[in-house]
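Single-structure report; data block below.
Remember, it's a predicted structure, so these values are computed and weren't measured experimentally. Numbers restart at 1 for each chain; the letters A, B, ... are given by sequence-line order, proteins then strands.
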There are 2 protein chains.
Amino acid sequence: MSRLPEYLRALHALAETGHETVSSEGLASAVGVNSAKLRKDLSHLGSYGTRGVGYDVALLIDQIESVLGLTQCRAVALVGVGNLGHALAGYDGFASRGFRIAALLDADPSRVGERINGLVVRHVDELSRVVAEETISIGVIATPAPAAQAVADELVAVGVTSILNFAPCVLSVPEGVDVRKVDLAIELQILSFHEHRKASLTALPATGGSALTALPGGLATTDTQEAIGT
Amino acid sequence: MSRLPEYLRALHALAETGHETVSSEGLASAVGVNSAKLRKDLSHLGSYGTRGVGYDVALLIDQIESVLGLTQCRAVALVGVGNLGHALAGYDGFASRGFRIAALLDADPSRVGERINGLVVRHVDELSRVVAEETISIGVIATPAPAAQAVADELVAVGVTSILNFAPCVLSVPEGVDVRKVDLAIELQILSFHEHRKASLTALPATGGSALTALPGGLATTDTQEAIGT
DNA sequence: AGGCGCTTGTGAAGAGGTGCACAAATCGCG
DNA sequence: CGCGATTTGTGCACCTCTTCACAAGCGCCT
Ligand SMILES: NC(=O)c1ccc[n+]([C@@H]2O[C@H](COP(=O)([O-])OP(=O)(O)OC[C@H]3O[C@@H](n4cnc5c(N)ncnc54)[C@H](O)[C@@H]3O)[C@@H](O)[C@H]2O)c1
Ligand SMILES: NC(=O)c1ccc[n+]([C@@H]2O[C@H](COP(=O)([O-])OP(=O)(O)OC[C@H]3O[C@@H](n4cnc5c(N)ncnc54)[C@H](O)[C@@H]3O)[C@@H](O)[C@H]2O)c1
C-alpha cells in the first residue's frame with residue numbers, strides 16, 4: 001500500500017511527541033484518511049492493535065518499517081548532479097527516513113570530482129564499479145529528459161531494479177523493474193485544473209461551463225489532500 | 001483526470017516530431033496506458049477524434065490545455081528559497097508547461113535580495129503585496145516542515161487556493177483549497193517496499209514470506225509505471 | 001467478578017475505475 | 001458509388017477500493 005509510508009511519517013511524529021499508543025481515529029485524522037480505511041490497511045499486515053486501547057506506536061513503526069524493507073538503510077545512487085541533483089544530494093532528510101545517498105554520478109567531466117556533502121561526484125561510466133562497491137538498491141535519475149532513457153538502461157544493466165525518475169518522460173524498462181516518476185509540472189497542471197474548475201464554477205454557478213467543468217464534484221486526481229481540518 | 005497532463009506531455013512530444021494525428025493506440029502506448037482507458041478519458045472532454053483516422057494532435061493539445069486552464073500562463077509564488085527552492089527557481093522547464101515563477105519569498109533576511117534567474121528574493125512578509133502585484137494562482141511551499149503550516153495559512157489568508165507542498169507534513173487548509181504534496185522519501189519508501197517484496201519472493205518462491213509479501217501481485221501503489229515496453 | 005465504555009477487526013454494501021468487445025463512423029481505393 | 005480497413009466511442013461486466021456499521025475483545029472501575 002502506498003499509504004504505509006504516510007502512516008509511518010505520522011507515527012514518527014507521534015513518537016517524538018511522546019505518544020505511546022494511538023487510536024485508529026487519531027492516526028487517521030493526523031494523516032487525513034478515513035479511520036476504517038486505516039484499520040483495514042493495518043489489518044493487512046497482521047493484528048498489532050489492542051481493542052479498547054489502540055495501536056502501540058513503537059511496535060507499529062517497527063512493523064511498517066519491516067514491511068517496507070527499511071530495517072536497514074538502503075543505499076541510493078543519484079545520476080545527474082545538476083540543478084535538482086544538487087538539492088537532492090545536499091538534503092539531509094533522507095537519512096532519518098531510511099535512505100543513504102551512496103553515490104553521485106554525472107556525465108559532465110567538469111562536475112566529476114566535485115564534493116557535495118562529503119560525497120565526490122564520479123563519472124557515470126563508473127556506474128558498474130560503484131554498484132560493485134556498494135549494494136545500491138535504488139537509482140535516482142535527475143538528468144535532462146533526453147538522457148533519462150539511456151541512464152535508465154545503464155542502471156538496469158548493472159542490476160538496479162527500482163528507479164525514481166525526475167525527468168519528464170516515460171521510461172521503458174524490462175519487467176521486474178519498478179519505476180516511479182516525479183513530475184512537478186504535472187503536479188502544477190493538476191492544481192491548475194482544479195483552479196480552473198473552481199473559477200468557472202463560481203463564475204457560472206447555474207449553467208456550468210465546458211463539458212468537464214460541469215462534471216460532478218471532485219473527479220479523480222490521485223493523491224490530493226483537500227480540506228483537512230480547519 | 002490526473003492523466004490529462006501526461007497525455008499533454010506526450011502530445012507535445014509527438015507534435016515536435018512532426019506528427020499531425022495520433023491513434024488512441026499510439027498515444028496510449030507512448031504514455032503507457034490502456035488505449036480504451038485513454039479513449040474514455042478523451043471522450044469525457046467531448047469528441048475530438050475522427051473515426052478511422054485518430055486524433056488531431058494540435059487540436060487535442062488545445063483542448064486539454066483549455067480544460068486544464070493553461071490557456072494563459074499561470075503565475076506561481078515560491079516560498080522557501082533554500083536547497084530545494086533554489087533548484088526550482090532555477091528550473092526553466094516550467095515555462096513550456098504553462099507556468100511562470102512570479103515571486104520568490106523567504107523568511108531569512110540574509111537571503112532576501114538575492115537574485116535568481118532574474119527574480120529577486122523578497123521577504124515573506126511582503127506576500128500580500130506580491131499577490132496584489134501579480135495574479136498568483138498557485139503557491140509552492142519549499143520550507144522546512146515546521147514552518148510549512150504557517151506558510152500555508154499565510155498563503156490561504158492572501159487568497160491562494162492551490163498549494164504544492166514539498167515539506168514532509170500534512171497541511172490543514174480550509175475547504176475549497178487544494179493541496180498536493182511531493183514527498184520524495186515516500187517515493188523512495190514505496191520503491192523500497194517493492195524491492196523488499198521482490199527480494200523475499202525470489203528467496204522463498206514457494207512458502208512466501210510475511211503476511212504482506214505473500215499478497216497477490218501488484219498491490220496498489222499509486223502512479224507506478226512498471227515494465228513498459230522492453 | 002461483573003459491567004461499561006472504548007477500540008479494533010471485518011462483513012457487506014456502495015462507488016468508481018478498468019478493460020473487453022463491438023457497433024458506428026470515417027477514409028481511401030477500386 | 002460501394003466496400004473494406006481502420007479507428008473512435010461506449011455498453012457491460014469485472015474488479016478493486018472505500019465506507020458504513022457492528023460484533024468481538026480489551027481494560028478499567030466499581
Ligand atoms: N530543477 C528543477 O527544479 C526541476 C524541476 C522539475 C523537473 N526537473 C527535471 O529534473 C531533471 C534535472 O533537472 P536539472 O534542473 O537538475 O537539470 P540540469 O541541466 O541542471 O542538470 C542535469 C545534469 O545531468 C547531467 N547529465 C546529462 N546527461 C547525463 C548522462 N547521460 N548521465 C549522467 N548525467 C548526465 C548533466 O551533466 C547535468 O549535471 C530534468 O529532467 C528536469 O526536467 C528539474
Ligand atoms: N532538498 C531536497 O532535496 C529535499 C528533498 C525532499 C524534501 N525536501 C523538503 O523540502 C523542504 C525544503 O528543503 P530544503 O533542503 O530546501 O531546506 P532548506 O533549509 O535548505 O531551505 C528552507 C528555506 O526555507 C526558508 N524558511 C524557513 N522558514 C520560513 C518561513 N516561515 N517562511 C518562508 N521561508 C522560510 C529558510 O530560510 C530556507 O531558506 C523541506 O521541508 C524538506 O524536507 C527537500
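- When all heavy atoms of A:G69 and A:R74 are compared, the closest pair comes out as O-NE, 3.0 Å.
- Taking only side-chain nitrogens and oxygens, A:S24 never comes nearer than 4.0 Å to OP1 or OP2 of C:dT7.
- The stretch residues 49-60 of chain A comes close to DNA chain C through A:G49, A:T50, A:R51, A:G52, A:V53, A:G54, A:Y55, each having a heavy atom under 4.0 Å from the strand.
- Between B:K37 atom NZ and C:dG16 atom C1' there is a gap of 13 Å when expressed in whole angstrom units.
- In terms of modelled atom types and a separation under 3.5 Å, the side chain of A:S192 and the main chain of B:L68 share a donor-acceptor contact.
- Straight-line distance from the CG atom of A:L45 to the C1' atom of C:dT8: 14 Å, rounded to whole Å.
- In this structure, A:L27 atom CG and C:dG9 atom P are separated by 12 Å, rounded to whole Å.
- Counting to the nearest Å, the P atom of D:dT19 and the CZ atom of A:R39 are 12 Å from each other.
- Contacts of A:S47 with the nucleic acid, taken as non-hydrogen atoms under 4.0 Å apart, involve only primed sugar atoms and P, OP1 or OP2.
- Mapped onto DNA chain D by nearest heavy atom, A:A36 and B:A36 fall at different nucleotides, with B:A36 at the one closer to the 5' end.
- Looking at heavy atoms from C-beta onward, A:H12 lies out of side-chain contact with A:R97 at the 4.5 angstrom threshold.
- Donor-acceptor pairing under 3.5 Å, judged by distance alone, is present between the side chain of B:K40 and the base of C:dG19.
- One can place CG of A:L42 at 16 Å from P of C:dT7, the figure rounded to the nearest angstrom.
- A pairwise comparison of heavy atoms in B:L45 and B:L4 identifies CD2-CD2, 3.9 Å as the closest pair.
- Closest approach of A:I138 and B:L188 over heavy atoms only: CD1-O, 3.7 Å.
- Here C:dG11 presents its P atom at 11 Å from NE2 of A:H44, a figure rounded to the nearest Å.
- Atoms CG and CG, from A:L78 and A:L105 in turn, are 8.0 Å apart once rounded to the nearest 0.5 Å.
- One can place CD of B:E25 at 10 Å from P of C:dC20, the figure rounded to the nearest angstrom.
- Each salt bridge (charged side-chain N to carboxylate O under 4.0 Å, His left out) pair with one or both residues in residues 25-48 of chain A, not counting sequence neighbours, appears once here: A:R3-A:D41.
- Going from atom CG of A:D41 over to atom C1' of C:dG9 covers 13 Å, rounded to whole Å.
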